[in-house]
Amino acid sequence: MTDLLATLNEEQARAVTLPAQHALILAGAGSGKTRVLTTRIAWLIQTGQATPQGILGVTFTNKAAREMHARLAAMLPVNPKAMWIGTFHGLCNRLLRAHHRDAGLPQLFQILDSGDQLSAIKRLLKTLNVDDEKFPPRELQHFINAQKEQGVRASAVDAFDDFTRRRVELYAEYEAQCQREAVVDFPELLLRTYELLSRNEPLRQHYQRRFRHILTDEFQDTNKLQYQWLKLLAGGENSESPACLFCVGDDDQSIYRFRGAEVGNMLAFEREFKVPNVIRLEQNYRSCGNILDAANAIIANNTQRLGKELWTDRGEGEPIRVYEAFTDGDEARFVVDEIQSLVRDGMSRSDIALLYRANALSRVLEHQLFSAGVSYRVYGGLRFFERQEVKHALAYLRLIANPDDDTAFARVVNFPTRGIGARSLEALQDAARTYNSSLYATVSHLSGKPRAAIGAFVQLIESLRSATVNLPLPEAVDHVLDQSGLRAHYESQKEKDGRERLENLDEIISAATNFVAENEVPEPAVEHPLLADFLAHASLEAGDHQADASEDAVQLMTVHAAKGLEFDVVFVCGLEEGLFPHENSLMETDGLEEERRLMYVAVTRARQRLYVSLAQSRMLHGQTRYNMRSRFLEEIPDTLTKWLTPKSGGGQAPARPSHFSPSPASAPRRPASAAHAPGRDLGGLRIGQNVRHARFGAGIIVAAEGSGSDARVQINFGAQGMKWLLMSVAKLDPA
DNA sequence: TACCGCGCCATTTTT
DNA sequence: TGGCGCGGTA
């Protein structure tokens with residue numbers, strides 16, 4: 001028992017060995033939070049305070065769930081499968097499958113991922129003849145999901161205007177369509193489970209008695225519904241013997257407000273449950289002192305905090321390197337040069353990460369990496385189960401499992417093409433509406449040409465189904481790929497991506513093989529063994545972002561994608577006002593603070609060395625923009641930084657080696673190009689020039705128009721905004 | 001039915 | 001600047 005605790009620090013050990021009560025663990029970046037979470041579970045079991053069956057572990061990502069599982073398997077002699085550890089969605093799927101009848105669902109209900117959901121909404125709008133200009137599908141999807149994530153059904157939405165009332169009607173229609181088709185979208189998984197457990201008291205009590213310890217990771221990312229779900233399962237505040245909630249999170253790393261996360265849940269939890277144990281994990285095992293000091297200094301500017309300060313006993317380490325380039329191209333060139341020199345010194349490329357606020361920034365970086373022949377990997381592209389050809393194949397499988405899945409039906413009824421045109425489909429959809437049945441079931445009501453063509457498709461599905469009833473899953477998949485004509489279709493495509501798509505189709509068979517190996521086939525033989533489970537798996541876990549971990553490649557990703565990861569060397573690029581913090585965020589409540597948390601996340605990814613860089617001019621959306629230095633850069637104390645380019649200018653004015661004085665040797669190699677200074681007479685000023693205004697402070701000239709006494713310039717004053725000023729009136733001093 | 005071209009848009013995203 | 005989605009045309 002002691003060995004479990006042997007390597008923990010005092011606070012970690014305190015958290016792990018807390019009595020069986022509610023607890024809130026404020027775990028700073030790199031403070032060993034996953035370790036504490038898993039050791040807590042192991043400790044509870046080892047000391048006999050909990051049984052594996054009594055544990056419910058909740059995470060946000062499949063990756064986190066897998067990691068917890070793996071660590072526990074290594075720590076405990078018990079079968080880790082007895083513990084329920086998974087994502088909110090995965091656990092809900094499990095509960096809904098087990099109690100599908102009580103939840104009002106058929107056993108083989110299908111799960112819609114976001115893309116499927118959007119197609120379903122588009123189809124709905126089409127059948128209802130709704131103007132999708134007035135009700136854009138994406139916007140409606142967002143509306144519906146936001147309601148569900150608040151725990152609000154269509155019947156319960158407060159609508160005070162016609163527009164909202166109409167959207168609520170559409171929400172209701174969508175609910176009905178999903179029910180008819182036996183499909184469930186992501187938020188529905190949670191809401192259904194929540195409703196099931198609130199409505200069905202015996203069932204709720206069963207699980208409340210079973211799960212005596214509920215442990216949640218990344219608690220700061222929970223939305224309202226997820227928190228309600230946890231409360232319900234724990235037995236709530238007024239239960240006689242509620243389960244112990246052990247919530248781990250970091251308010252400073254809350255960066256998903258835009259998708260419904262409510263940091264407020266941390267405070268609410270502490271208050272509502274009168275949490276007797278709040279522990280802060282502040283010792284950081286990841287980064288050197290200077291990096292942590294910078295992170296602490298940055299985040300200290302936020303006002304809405306629970307309060308925490310990271311420290312390390314590793315020493316201060318290297319200073320933070322700052323580079324201010326003229327252009328985005330120069331910035332990228334600097335980054336790549338630096339990477340090459342690091343690699344020459346023996347660093348692996350895969351220990352280096354390039355982080356940016358927005359995906360658009362990856363382009364320049366990729367360009368330079370590519371030209372320099374440095375292998376790299378960009379996170380965030382299409383994932384395996386989201387690829388077109390894979391979705392097509394899955395659609396056939398879905399129809400075998402559940403013929404009422406109209407989304408799947410519509411997707412492949414004419415793919416590969418089999419002469420089913422828009423007119424046939426329209427006839428089918430009209431009939432389906434009349435008979436209030438699924439597309440598949442409606443085919444028998446058709447007549448004439450549509451009947452023949454679509455009937456043949458139904459025959460195909462029927463024959464696929466009967467041919468695969470008793471086949472092991474991988475063989476069933478193989479059969480479907482052949483008989484659906486998908487293989488032949490991509491084989492006939494001679495283009496390079498035809499080949500690639502074929503490979504992906506084969507990869508589905510591998511995925512099925514792996515899936516079967518990891519999941520036992522149920523003993524009394526059932527039809528289509530594991531098919532529904534595999535399909536749920538494909539929806540719930542879209543697969544890695546094109547992982548090729550074997551290759552030693554530089555890692556490129558957004559700051560969001562980097563959360564939870566760490567690297568020896570980190571470059572944070574594009575530290576400019578408007579970009580990071582992003583200009584759109586400044587309009588949102590709490591937007592700037594969330595941006596700052598993002599910056600905090602970015603900085604704390606670095607173990608040994610941190611670079612922060614910016615470009616004075618950047619090509620964005622086809623236009624050259626002149627941005628000011630990010631305020632977040634200014635928030636890092638000078639004592640922690642080492643400028644690789646001369647730092648000039650006061651306040652937020654960007655340093656810019658002047659045109660009028662020769663650049664020192666350490667300055668960027670290339671002078672600012674002539675493009676920065678169009679031939680307009682601006683009284684000695686030029687576009688891109690730093691200026692100072694008596695009232696607005698430091699700014700940068702971004703555009704000019706007119707001439708003589710009419711000449712006006714547009715100036716980006718950063719936080720003060722963008723202004724047009726008359727040259728003859730405004731007093732501008734070169735900065 | 002398939003392809004081309006135009007026009008619009010442009011933070012962040014897991015399940 | 002570039003990607004995507006829609007609409008028109010061959």
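Owing to the predicted nature of the structure, the values given are computational and were not obtained by experimental measurement. Residue numbering restarts at 1 for every chain, and letters A, B, ... go by the order of the sequence lines.
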*Asks:* If we count only N and O atoms by modelled type, under 3.5 Å, do the side chains of Tyr194(A) and Arg192(A) hold a donor and an acceptor together?
*Replies:*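 There is no such pair (donor and acceptor under 3.5 Å, judged by atom type) between the side chains of Tyr194(A) and Arg192(A).
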*Asks:* Pick the P atom in dT13(B) and in dC4(C), then give their distance to the nearest Å.
*Replies:*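 Straight-line distance between the two P atoms is 15 Å.
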*Asks:* Picking from Glu593(A), Glu594(A), Glu595(A), what satisfies side chain to side chain donor-acceptor pair (under 3.5 Å) with Arg597(A)?
*Replies:*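 Going through Glu593(A), Glu594(A), Glu595(A) one by one, the side chain to side chain donor-acceptor pair (under 3.5 Å) with Arg597(A) is satisfied by Glu594(A) alone.
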*Asks:* For Leu565(A) and dT14(B), give me the distance from atom CG to atom C1', rounded to whole Å.
*Replies:*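 So the CG-C1' distance, Leu565(A) to dT14(B), works out to 14 Å.
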*Asks:* With respect to the phosphate group of dT12(B), does any side-chain polar atom (N or O) of Arg257(A) fall under 4.0 Å of OP1 or OP2?
*Replies:*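 Negative; the distance criterion is not met.
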*Asks:* Between Asn62(A) and dT14(B), does any side-chain N or O lie under 4.0 Å from OP1 or OP2?
*Replies:*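 For dT14(B), neither OP1 nor OP2 has a side-chain N or O of Asn62(A) closer than 4.0 Å.
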*Asks:* Given atom CD of Gln253(A) and atom C1' of dT13(B), what is their separation to the nearest angstrom?
*Replies:*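 Interatomic distance, CD of Gln253(A) to C1' of dT13(B): 17 Å.
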*Asks:* Taking only N and O in the side chain of Asn584(A), is any of them less than 4.0 Å away from OP1 or OP2 of dA10(B)?
*Replies:*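 For dA10(B), neither OP1 nor OP2 has a side-chain N or O of Asn584(A) closer than 4.0 Å.
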*Asks:* Toward the 5' end of DNA chain B, which comes first, Ala358(A) or Arg418(A), by nearest nucleotide?
*Replies:*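 The residue mapped nearer the 5' terminus is Arg418(A).
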*Asks:* Let me know which of Lys563(A), Arg259(A), Arg257(A) forms a side chain to side chain donor-acceptor pair (under 3.5 Å) with Asp221(A).
*Replies:*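 The single option meeting the side chain to side chain donor-acceptor pair (under 3.5 Å) with Asp221(A) is Lys563(A).
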*Asks:* Look at the side-chain N and O atoms of Asn359(A) and state whether any lies under 4.0 Å from the OP1 or OP2 oxygen of dT13(B).
*Replies:*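 So the side chain of Asn359(A) is within the cut-off, an N or O lying under 4.0 Å from OP1 or OP2 of dT13(B).
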*Asks:* Tell me yes or no: between the side chains of Gln220(A) and Glu218(A), is some donor less than 3.5 Å from an acceptor?
*Replies:*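 Yes, because at least one side-chain N or O of Gln220(A) sits under 3.5 Å from a partner of the opposite role on Glu218(A).
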*Asks:* Side chain of Thr558(A), base of dT11(B): donor and acceptor closer than 3.5 Å?
*Replies:*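 Donor-acceptor pair under 3.5 Å: no.
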*Asks:* dT12(B) and dG5(C): how far apart are their P atoms, nearest whole angstrom?
*Replies:*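 That atom pair is separated by 16 Å.
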*Asks:* Think Arg383(A) has a side-chain N or O under 4.0 angstrom from the OP1 or OP2 of dT13(B)?
*Replies:*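 No, because none of the side-chain N or O atoms of Arg383(A) sits under 4.0 Å from OP1 or OP2 of dT13(B).
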